[in-house]
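For reference, the structure is listed below as structure tokens.
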Amino acid sequence: MIPLDRISCYLVELPLVRPFETSFGREQVRRALLVRVSGGGEEGWGECVASSGPWYSYETVDTALLVIRDFLVPLLSRARPSHPNQVRRAFAPVRGHPMAKAALEAAVWDLYCRLTGVPLAAELGGVRDEVPAGVSVGIQPDLDSLLARVEEFVAQGYRRVKLKIKPGWDLEVVAEVRERFPDLPLWVDANCAYRLEELAVLAELDRMGLGLIEQPLWHEDLVGHARLASRLSTPICLDESITSPQRAWEALEIGACRVINLKQGRVGGIQAALEIQELASSRGVPLWCGGMLETGIGRALNLALASLPGFQLPHDISATDRYFREDIAEPAFELSPRGTIPLPRGPGLGVEVLPERLRRYQVAHWEFSI
Ligand code: OSB
Ligand code: MG
């Protein structure tokens with residue numbers, strides 16, 4: 001049995017070095033719910049990837065806190081797991097709320113790995129000690145600012161650039177970046193901003209030498225994505241639509257995507273992510289690890305997942321200084337000269353939350369006994 005004594009939640013607000021804008025909104029601060037599970041003289045950390053409002057998905061920091069407190073903590077307390085891979089089953093009575101489940105499950109994985117002295121990546125079967133880093137570039141106030149940002153990231157050595165697009169910030173912008181950087185591996189991410197009726201725009205994008213088009217249509221529209229896929233030669237990658245292993249299977253079964261952006265929080269946690277990894281591997285579907293502007297806690301988890309077989313494309317896992325001036329955990333992640341991020345080597349997530357930083361950035365704190 002994994003010793004579980006106490007569960008704490010912290011709400012932190014970390015200012016972003018630059019605002020991050022997508023088709024659904026603009027963030028200046030990463031408002032993150034962190035979960036700590038203590039037991040056996042160690043502690044494990046998880047980060048909930050939900051944001052302040054229900055824009056990317058229906059979950060928010062507040063719904064996650066409520067679900068953790070009222071439903072998941074009691075379920076975990078009753079289940080008394082002996083391995084973190086049992087937590088997903090313990091949470092099964094709760095429908096939905098994948099990000100809340102993932103945050104608590106992650107903390108249990110970290111605690112378990114720290115108690116056994118094993119890095120999380122090794123526990124999960126990771127096969128790499130560094131992973132290729134890409135960067136996701138938000139919508140900018142104007143084209144010149146975008147070109148300057150892309151230039152900066154290319155000079156730093158990122159292996160590919162993903163541009164956020166939306167109607168009106170698409171063809172001209174992508175064509176310009178493509179012209180200025182003809183050999184750059186370039187992707188676009190619409191965050192659900194188009195409809196199938198806008199096929200003409202998407203068909204233009206199809207001619208711009210993109211590595212993939214991420215989540216062009218509405219998140220619930222798997223069939224629309226399948227129809228679109230049959231009209232485009234650029235692979236469609238799904239993000240928001242893939243909310244569980246079941247949805248991943250459905251999407252692949254009907255040809256709604258050829259690539260999956262895997263975010264463990266969006267699909268319900270590490271165990272769910274491993275199920276999708278198995279499914280994708282059995283069908284030869286390439287995976288890559290997406291990001292949610294996580295602090296060092298969430299990014300350390302993403303690094304561990306990205307080290308698994310089947311994660312083949314550059315990830316939205318960038319260096320710490322791309323997000324924050326100062327993170328909540330150390331060490332900070334740096335881009336290597338090879339355009340990769342090396343995995344931390346310590347047990348569990350391999351990063352340490354600094355109590356002084358936690359105090360500085362926390363805006364609320366809750367304790368639950370278990
Ligand atoms: O669609 O991938 C997305 C951030 C917040 C919400 C949705 C997305 C993103 C990103 C950021 O693209 C990627 C990163 O963390 O570097
Ligand atoms: Mg996305």
Side-chain angles (χ1 to χ4, degrees), residues 14 16-33 47-61 98-99 102 131-140 146 149-150 152-153 156 158-166 169 186-194 210-219 225 235-243 251 257 259-267 287-303 305-306 313-324 327 332-333 335 339 341:
L14 278 185
L16 291 167
V17 287
R18 285 215 168 84
F20 188 76
E21 187 172 331
T22 63
S23 63
F24 62 79
R26 183 183 159 93
E27 288 187 84
Q28 312 215 6
V29 191
R30 165 80 182 129
R31 195 156 170 266
L33 184 67
E47 172 170 352
C48 181
V49 299
S51 48
S52 306
W55 323 126
Y56 168 85
S57 86
Y58 64 81
E59 291 186 270
T60 71
V61 160
M99 295 174 179
V131 304
V135 66
S136 171
V137 184
I139 292 166
Q140 304 293 317
L146 178 70
R149 307 268 27 233
V150 173
E152 179 191 334
F153 289 130
Q156 287 172 5
Y158 284 101
R159 293 239 192 128
R160 64 97 179 120
V161 166
K162 177 174 112 177
L163 302 179
K164 291 292 188 179
I165 57 167
K166 65 175 182 183
W169 181 264
L186 190 63
W187 300 354
V188 294
D189 183 0
N191 290 106
C192 312
Y194 295 88
L210 301 172
L212 56 80
I213 300 177
E214 184 174 335
Q215 196 68 45
L217 309 178
W218 186 238
H219 64 110
H225 281 102
I236 289 183
C237 169
L238 289 178
D239 174 355
E240 283 92 329
S241 292
I242 308 296
T243 50
C257 64
V259 179
I260 293 177
N261 165 345
L262 191 47
K263 295 178 179 170
Q264 56 81 34
R266 191 195 64 226
V267 301
L287 296 174
W288 57 281
C289 189
M292 294 290 286
L293 309 175
E294 289 93 342
T295 74
I297 298 171
R299 202 169 358 273
L301 176 44
N302 290 345
L303 279 166
L305 272 179
L313 303 171
H315 312 284
D316 274 353
I317 304 179
S318 312
T320 301
D321 65 7
R322 178 261 180 284
Y323 307 95
F324 311 110
D327 205 333
F333 299 120
L335 192 67
I341 310 264

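Atom set for the values below is all heavy atoms of this structure, side chains included, hydrogens, waters and symmetry mates excluded. One is the number of the first residue; the rest follow in order along the sequence. Remember, it's 1-based here, ligands and their atoms both numbered in the order they're listed.
Under the 3.5 Å distance criterion, the side-chain polar atoms of Asn191 are left unmatched by any main-chain donor or acceptor of Ser23. For the pair Arg266 (side chain) and Asp239 (backbone), a donor-acceptor distance under 3.5 Å is present. No donor-acceptor distance shorter than 3.5 angstrom exists from the side chain of Glu240 to the backbone of Leu238, with no hydrogens or angles considered. Between the side chain of Arg159 and the backbone N or O of Leu313 there is no donor-acceptor pair closer than 3.5 Å.
Ala102 pairs by the side-chain contact (heavy atoms from CB on, under 4.5 Å) definition with Gln264, not counting sequence neighbours. Under the ring pair (Phe, Tyr, Trp, His ring centres under 6.0 Å) criterion, Phe333 pairs with no residue, sequence neighbours left out.
Listed by chain and residue number, the protein contacts of ligand 1 are Phe20, Phe24, Tyr56, Ser136, Lys162, Lys164, Asp189, Asn191, Glu214, Asp239, Lys263, Gly291, Met292, Leu293, Asp316, Tyr323 (heavy atom within 4.0 angstrom).
Atom CG of Asp316 sits about 9.5 Å away from atom CG of Asn302, to the nearest 0.5 Å. Within the model, atoms CD of Gln156 and OG of Ser318 stand 9.0 Å from one another, a figure rounded to the nearest 0.5 Å.
Ring-plane geometry between Phe24 and Tyr56 is classed as tilted, the angle between the planes lying from 30 to 60 degrees on a 0 to 90 degree scale.
For the Mg ion (ligand 2), the nearby protein N/O/S atoms, meaning those under 2.8 Å, are Asp189 OD2, Glu214 OE2, Asp239 OD2.
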